[in-house]
Structures are given as C-alpha cells and as structure tokens.
*Asks:* 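Following this message is one structure expressed as structure tokens.
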Amino acid sequence: MREHNEKKKINKLTRNYGYSNFNTNSNLKKYIPAILSSLMLLIGIAADYYNFSPFFKSWFRVLWYSTAYLPVGLPVLKKGIESIKRGSYFTEFLLMSIATLGAFVIGEYPEGVTVMLFYTIGEFFQSAAVTKAKRNIKALLDVRPNKALVLRSNSYVSVLPSSIKIGETVQVRTGEKIPIDGVLLSTNAYLNTAAVTGESKPQRIIKNTIVYAGSINLQNVIEVKATKEFKNSSIARILDLVQNATARKSKTELFIRKFAKIYTPAVVFLAIGLTFLPYFFVPNYVFADWLYRALIFLVISCPCALVISIPLGYFGGLGAASKNGILFKGASFLDTIAKVNTLAMDKTGTITKGIFTIQEIKAFTISESELMKYTLALEATSTHPIAKALLDYPLREPFTATDVKEIAGKGIRGIVNNKKVLVGNAALLLDYKIDVLTEIEDIVESSVLVAINGEFVGYVIIADEIKEDAKETVSEAYKIGVKDFYMFSGDRESITKNVAKQINVLRSKGDLLPEQKLKEVEELMKNPNAIVAFVGDGINDAPVLAVSDIGIAMGGLGSDVAIETADVIIQTDEPIKIVKAIKIGKSTRAIVWQNIALAFGVKLIVLLLGAAGLATMWEAVFADVGVALLAILNAVRLQTKKW
C-alpha cells in the first residue's frame with residue numbers, strides 16, 4: 001500500500017509538469033492533423049496558381065479548403081467555445097476563430113487555413129520548448145530514489161526511502177542512488193552529485209562527510225547513516241521548491257496576463273469599429289475590403305507571442321538555475337536578483353568553510369608534543385567547534401585530565417599529571433593573574449592559550465579557512481553591476497576585518513548579534529536606490545534573510561531555518577554561484593524584455609500597414625505566429641546558455 005501511494009505521488013508530480021506517460025506513436029499522432037492540412041493547403045494553392053484543374057472551382061474549392069481547415073481549426077474552435085462556457089470570452093482562441101472564419105466568409109480560403117495552420121505549428125513549437133525547459137525537472141524526478149537497503153535485525157532489507165528512520169544504516173551499492181541525506185560511514189566514496197548540486201565533476205567524499213539523497217555511488221559498496229527523514233532530504237526539498245517556483249509569477253508575467261485580459265476585448269471592439277465605422281467617413285465604402293482589414297487586424301493583434309514566450313522565458317530561467325545547482329523559490333526572484341546592486345554577506349559558512357583547523361602551534365618552555373598533550377587532555381571533554389579542531393591533531397599516548405571545569409566564554413581548567421592546567425582565551429588567563437598580552441597582541445586569528453601551574457607555556461592558533469572562490473566572487477560581482485559589498489559577522493572584529501581584507505571587501509563589521517546584523521541590513525535598505533541581497537547560512541541569519549530584498553542561503557552547510565526563510569538557495573557552498581544566480585536573473589530578464597519589444601514592435605508596424613490596407617493576411621500571419629516562434633526560440637536560448 002505504501003509503495004502504491006509513493007507511485008501515486010510521483011505520477012501526480014509528473015502530471016503537474018506535463019510528463020504523463022506517453023509513447024512515441026501517440027506523440028507522432030498529434031502531428032498528423034497538421035501534416036494533412038499542410039498537404040491539402042499546398043495542393044490547393046498549386047491548383048489556384050496553375051489553374052490546372054477545371055473542377056477546382058466554386059463549391060469543390062470551398063469544400064477542399066474547408067476540409068484542410070478542419071483538422072487544425074476544430075481544436076481551436078473547441079477551445080474557444082470551452083473558454084466562453086467558463087466565462088472567459090476574449091481569448092486568443094476567439095481571435096483566431098473570428099479571423100479565420102471571417103476569411104472564409106469573404107472568400108480568402110487559403111489565408112484562413114494558413115493562419116490556423118501556422119497557429120497550430122506555433123503551439124507545437126511552444127510545446128517542444130516547454131518540454132525542453134522542463135527537462136531539468138524530469139531529471140530531478142529520475143534521480144528520486146525509489147528503494148533503499150536498510151540494516152534491520154542484522155540484515156539488509158529493501159524498503160521505500162520514506163520509511164527510513166533517522167539513525168538507521170543504509171547500504172548503497174555501485175551505480176545506485178543514495179536514498180537519504182546522511183553521513184558517510186565508509187572510509188571514502190566516489191559520488192556523482194550533479195542532480196543535487198549542479199556539480200558535473202564526480203566528488204571524492206571521506207568518512208563522516210555529509211552526503212545527499214539523489215547522489216549516485218560510482219565505486220564500491222558504501223554505508224550511510226541517515227540524518228534526515230526522506231521528506232526533509234535535499235532531493236525532496238528540491239522537487240518541492242521547483243514545483244512551487246513555477247506557481248509564483250513575476251510582476252512582468254502577472255502584468256502581461258492582466259494586460260491580455262484588457263487588450264484582447266479591446267482588439268475585438270476595434271476590429272468591429274474598423275469594419276463598420278469607415279462606412280460613415282469613407283467614400284466608395286466596400287464592406288468586404290474593410291472586413292478583410294479588420295480580420296488582418298485581429299490576427300496581428302493576437303497576444304500569443306506575449307502569453308507564450310514570457311512565462312516560457314521565466315520557466316527557462318528557473319530550469320537553467322536548477323541545472324546549475326541554484327534554486328529560486330519563484331519567478332519573481334529572478335527579476336529581483338537581476339537588479340541587485342548591494343551585496344551583504346555573513347562570514348562563517350558563507351565566505352569561510354565553517355571548519356576550524358590548526359594554523360600554528362607555539363610552545364615556549366615545553367615541547368610542541370607536550371603542549372598538545374596537556375591541551376587535548378582538557379579539550380577532549382568539550383563539544384566546542386574549536387575543541388573539535390584541536391582534537392584532529394595526531395597524538396600518541398595522550399594525557400588524562402581530572403577535576404575538569406568549563407568556564408563559560410573563557411575556556412577550561414583542570415588537573416593533568418598533578419598540575420593545574422588552564423586552556424582558553426586571554427580573559428581566562430588574566431583571571432588567574434597570568435599576563436599574556438605581549439606574546440599574543442599581534443595575533444588576529446582565534447588563539448587557544450595554555451598555562452601550567454601559573455606559567456604561560458604556549459598557544460595554538462585556530463582559523464576558519466576562506467573558501468577558494470570567495471575572492472573571485474567579489475571581483476566577478478563587481479563586473480556584473482554589484483556596487484557595494486558588506487560583510488557582517490558575529491565573529492571577532494579583528495578576524496572579520498582580516499577575512500574581508502583578504503577577499504577585497506572594503507566594508508565589514510564583527511562582534512554583531514543577530515539583531516545587530518538585522519539592523520545593519522535595514523540601514524542599507526533605507527537607501528531608495530539600493531536593492532539588497534543578503535547571503536547567509538545559519539539560524540542567526542534567518543531574520544536578515546527574511547527582511548532583505550532577496551535572501552540567499554547556502555544550502556550545503558546551511559541550517560534548515562535559513563533555507564526555509566531564503567528566496568534563493570545555493571545547493572553547494574560555493575559563493576561564486578551567487579554571481580551565477582545574478583547572471584541567470586539578468587539573462588532571463590533580458591530575454592523576456594527582448595520578447596516584449598519584438599512582439600509589440602512588429603505588431604505595431606504591421607497593424608498600421610493593415611489599417612492602411614498595405615498589409616495582407618500573409619504579413620498578419622508573420623506578425624502573429626512568426627513573432628511567437630521567434631520569441632519562443634529566443635526564450636529557449638536560456639536552456640543552452642553558459643554562465
């Protein structure tokens with residue numbers, strides 16, 4: 001029953017994106033009406049032009065073109081009737097129906113068939129373009145794991161990923177997908193994470209590293225300890241975000257939809273006026289001539305190019321972003337990120353790796369090995385991130401500590417080898433009247449100071465490594481229009497300034513509490529010309545992510561709260577993808593406005609020519625269907641563009 005429900009969910013999601021089950025034969029069948037109409041139209045035009053068939057006249061000619069019209073015209077007529085029944089009277093289906101049937105009334109049979117045929121071909125192009133744009137979503141569906149081998153009662157059993165519990169051990173064989181987010185228990189693994197992170201190069205992962213559902217195991221059998229339920233896994237989150245993103249329209253898209261609702265009825269009434277009003281003002285009024293002009297006007301005015309290409313442009317942007325490991329929670333955020341000119345960033349986990357490592361060890365009166373034995377004897381009892389970094393130091397025959405006490409915000413004290421040992425910051429040693437300022441005054445990074453029996457014996461410098469692409473991110477962002485950079489951190493002011501200097505960020509502030517970070521960003525947003533993006537990864541960043549014009553969360557190490565609050569999620573922890581997200585937003589916006597300018601520009605020119613009697617139905621076909629095809633092809637460029 002559970003497996004049946006899982007399949008139903010997948011099928012429902014597939015239908016939502018237009019991927020219902022189909023085969024090649026049924027796919028070809030939809031083209032048969034258009035092919036039939038095309039053949040009959042070409043034969044009819046040839047018969048008209050060469051006049052080689054004496055019976056191709058009067059009633060037979062009408063019957064021939066009517067037969068050519070029906071395969072492509074009936075579906076549109078039906079859609080027009082259905083929309084009227086639903087209360088939506090003025091649609092592109094109505095415009096196409098009136099224009100083509102009107103052409104038959106005045107004897108312009110080839111033009112009537114051609115308009116409807118080209119409209120149908122345009123629909124095929126639209127369908128193909130949408131399918132191409134949705135290919136990344138289909139790829140996500142394909143990587144959704146459908147089974148898992150879980151260790152239960154001392155043997156591995158095959159279960160649905162949704163039934164895996166946190167803490168259970170999962171076995172993943174070569175070529176299989178990791179079914180759940182977790183921690184690697186095996187010594188190492190070689191994974192293809194392209195579907196989850198957008199990283200095309202396979203990754204070598206070591207023991208105790210986080211791995212994501214949907215990643216493919218390329219070598220050997222591995223074991224993973226589940227850290228999340230499947231519904232909260234990375235792949236489930238991606239599917240949910242992409243699904244919901246298509247429903248959140250941009251302001252431009254919403255405007256065009258509202259515009260079309262006003263524009264289409266206005267066009268119909270203008271066409272009626274163009275048909276009858278000249279009777280009162282034009283000498284030698286001929287009804288058929290002005291009706292023909294009105295029909296041309298209707299065909300030209302059809303908003304197909306706008307209604308089709310603009311949503312397709314935004315959908316293409318969303319698909320291209322997800323392909324690159326960037327998730328937008330809605331098309332509206334593609335617009336916003338394109339305008340960003342002020343970028344504020346958190347430090348730890350965003351610009352730095354969030355992983356502390358030992359940078360330097362300095363021992364004064366004892367050896368380095370002995371210094372570390374005393375230090376680690378106390379640090380072994382702590383869960384602080386700095387303690388974890390220190391415990392990575394390779395040590396043989398460690399000392400044991402007794403009477404250990406942790407002093408909040410300062411460090412640890414205890415007894416090691418019958419000696420009183422202090423391990424912590426300068427404040428801890430000063431409490432015990434041990435002066436250390438001379439030795440550490442030039443140290444910018446975090447330092448762990450060690451004193452034994454009242455004597456300062458050495459220190460260990462701990463630092464959070466800067467990400468490899470952090471400096472490149474800043475320089476590239478300047479090139480694409482970001483004018484101001486800020487770094488806000490809860491870390492020490494000196495450390496924050498040092499990191500900012502290394503990556504060429506001129507404005508930075510440290511020692512900030514979450515509410516102080518929020519206040520700083522709110523100050524930036526008071527500038528009416530500033531469009532502020534904030535990038536963060538921790539729980540303390542969530543308020544700032546929510547209030548900024550656009551919040552960007554680092555999805556790899558980022559907390560669930562930050563990811564839920566943000567508008568854009570970087571699936572990897574690479575800052576350079578912030579620049580890529582802005583570029584995708586700019587490209588999407590440019591293509592959308594190119595399509596708007598193309599549609600309105602061509603239509604306006606041909607409309608004026610049509611009203612003056614200088615354009616025929618053939619020019620009208622180009623202004624409508626031709627422009628729609630050009631706009632669709634322009635939107636499809638997003639799927640192949642490299643950033």
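Given the structure is predicted, the values throughout are model-derived calculations rather than measurements.
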*Asks:* Side-chain contact test, heavy atoms from C-beta onward, threshold under 4.5 Å: evaluate it for Ile582 versus Lys586 and give yes or no.
*Replies:* yes
*Asks:* Give, for atom CG of Asp549 and atom CD1 of Ile531, the distance between the pair rounded to the nearest 0.5 Å.
*Replies:*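 Asp549 atom CG to Ile531 atom CD1 measures 5.0 Å (nearest 0.5 Å).
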*Asks:* Check Lys577 with Glu574, please: is the shortest side-chain N to carboxylate O separation under 4.0 Å?
*Replies:*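 Looking at Lys577 together with Glu574, the answer is yes, because their closest N to O distance falls below 4.0 Å.
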*Asks:* Between Gly102 and Leu295, what is the shortest heavy-atom contact and its length?
*Replies:*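 The pair with the smallest heavy-atom distance is C-CD1, 3.2 Å.
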*Asks:* Is Ile480 close to Val579 at the side-chain level, that is, under 4.5 Å between some pair of heavy atoms?
*Replies:*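 A side-chain contact under 4.5 Å exists here.
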*Asks:* Is there a side chain to side chain contact (heavy atoms under 4.5 Å, CB included) between Arg173 and Asn217 once you walk through the steps?
*Replies:* CA-CA 7 Å; Arg173 296 169 182 169; Asn217 178 27; 5.7 Å; no
*Asks:* What pair of heavy atoms forms the shortest contact from Ile216 to Gly175, and how long is it?
*Replies:*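 Smallest heavy-atom distance, with atoms named: CG2-O, 3.9 Å.
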*Asks:* Look up atom CD1 in Ile272 and atom CZ in Phe276, then write down how far apart they are to the nearest 0.5 Å.
*Replies:* 7.5 Å
*Asks:* Supply the atom-to-atom distance Thr100 OG1 to Tyr69 OH, rounded to the nearest 0.5 angstrom.
*Replies:* 3.0 Å
*Asks:* Is there a side chain to side chain contact (heavy atoms under 4.5 Å, CB included) between Val211 and Ser215? Walk through the geometry before answering.
*Replies:* CA-CA 8 Å; Val211 293; Ser215 302; 5.8 Å; no
*Asks:* Asp181 side chain to Tyr212 main-chain N or O, any donor-acceptor pair under 3.5 Å?
*Replies:*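 Answer holds: no.
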*Asks:* In the structure I gave you, are the side-chain heavy atoms of Asn341 and Val482 within less than 4.5 Å of one another anywhere?
*Replies:* no
*Asks:* Would a 4.5 Å heavy-atom cut-off, applied to side chains only, mark Gln594 and Arg637 as touching?
*Replies:* yes
*Asks:* Roughly how far apart are Leu609 CG and Leu604 CG, rounded to 0.5 Å?
*Replies:*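 Interatomic distance, Leu609 CG to Leu604 CG, rounded to 0.5 Å: 9.5 Å.
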*Asks:* Find out whether Asn595 and Ile632 are in side-chain contact, i.e. whether some heavy atom of one side chain is under 4.5 Å from a heavy atom of the other.
*Replies:* no
*Asks:* Hey, does the Lys NZ or Arg CZ of Arg293 hover above the aromatic six-ring of Trp290, less than 6.0 Å from the centre and inside 45° of the axis?
*Replies:* yes
*Asks:* Is the shortest distance from a Lys or Arg side-chain nitrogen in Glu476 or Lys479 to a carboxylate oxygen in the other one below 4.0 Å?
*Replies:*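 Judged by the 4.0 Å cut-off on N to carboxylate O distance, Glu476 and Lys479 do form a salt bridge.
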*Asks:* Could you check whether any side-chain N or O of Lys147 sits under 3.5 Å from a backbone N or O of Pro161, counting only pairs where one atom can act as donor and the other as acceptor?
*Replies:*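 Pair absent, no side-chain N/O of Lys147 close to backbone of Pro161.
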*Asks:* Would the Tyr285 and Tyr279 ring centres measure less than 6.0 Å apart?
*Replies:* yes
*Asks:* Pair Asp48, Arg61 - check salt bridge (Lys or Arg N to Asp or Glu O under 4.0 Å), show working.
*Replies:* CA-CA 9 Å; Asp48 282 338; Arg61 184 170 181 263; 2.9 Å; yes
*Asks:* For the backbone of Ala34 and the side chain of Ser38, can you confirm whether one donor and one acceptor N or O come within less than 3.5 Å of each other?
*Replies:*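 Between the backbone of Ala34 and the side chain of Ser38 there is a qualifying donor-acceptor contact (under 3.5 Å).
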*Asks:* What residues, two or more places apart in sequence or in another chain, satisfy side chain to side chain contact (heavy atoms under 4.5 Å, CB included) together with Ser97?
*Replies:* Val76, Leu77
*Asks:* Where is the tightest heavy-atom contact between Val172 and Glu176, given as atom of each residue plus distance?
*Replies:* CG1-O, 3.8 Å
*Asks:* Of all the heavy-atom pairs spanning Ala566 and Ala553, show the shortest one and how long it is.
*Replies:*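 Ala566 and Ala553 have their closest heavy atoms at CB-CB, 3.5 Å.
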*Asks:* Side chain to side chain contact (heavy atoms under 4.5 Å, CB included) for Tyr31 and Ile35? Distances and angles first, verdict last.
*Replies:* CA-CA 6 Å; Tyr31 298 112; Ile35 294 170; 4.2 Å; yes
*Asks:* Taking Ser37 for the side chain and Ala68 for the main chain, is one N or O donor matched with an acceptor at less than 3.5 Å?
*Replies:*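 It does hold such a pair.
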*Asks:* Hey, mind stepping through Leu638 and Thr588 against side chain to side chain contact (heavy atoms under 4.5 Å, CB included) and telling me if it holds?
*Replies:* CA-CA 7 Å; Leu638 280 169; Thr588 303; 3.9 Å; yes
*Asks:* Which atoms form the tightest heavy-atom contact between Ile570 and Ile578, and what is the distance?
*Replies:*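 It is CD1-N, 4.2 Å.
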*Asks:* Kindly write out the residues that satisfy ring-ring contact (aromatic ring centres under 6.0 Å, His included) with Phe281, not counting sequence neighbours, or none if the list is empty.
*Replies:* none
*Asks:* I'd like to check Leu598 versus Val627 (side-chain heavy atoms, cut-off strictly below 4.5 Å). Are they in contact?
*Replies:*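 Touching, per the 4.5 Å side-chain cut-off.
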*Asks:* Is there a side-chain contact between Phe328 and Ile569 in this structure, where contact means two heavy atoms from C-beta onward sitting under 4.5 Å apart?
*Replies:*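 Phe328 vs Ile569: side chains apart.
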*Asks:* What's the separation between atom OG in Ser332 and atom CG in Asp567, rounded to the nearest 0.5 Å?
*Replies:* 7.5 Å
*Asks:* Quick check: does any side chain N or O of Tyr65 sit under 3.5 Å from a backbone N or O of Gly44, one acting as donor and the other as acceptor?
*Replies:* yes
*Asks:* Compare every heavy atom of Pro179 with every heavy atom of Ala148, then report the nearest pair and how far apart it is.
*Replies:*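 Closest pair (atom of Ala148, atom of Pro179, distance): CB-CG, 3.5 Å.
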*Asks:* Under a 4.5 Å cut-off applied to non-hydrogen side-chain atoms, are Leu191 and Leu218 in contact?
*Replies:*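 No; the side chains remain at least 4.5 Å from each other.
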*Asks:* Give, for atom OG1 of Thr114 and atom CD1 of Ile45, the distance between the pair rounded to the nearest 0.5 Å.
*Replies:* 5.0 Å
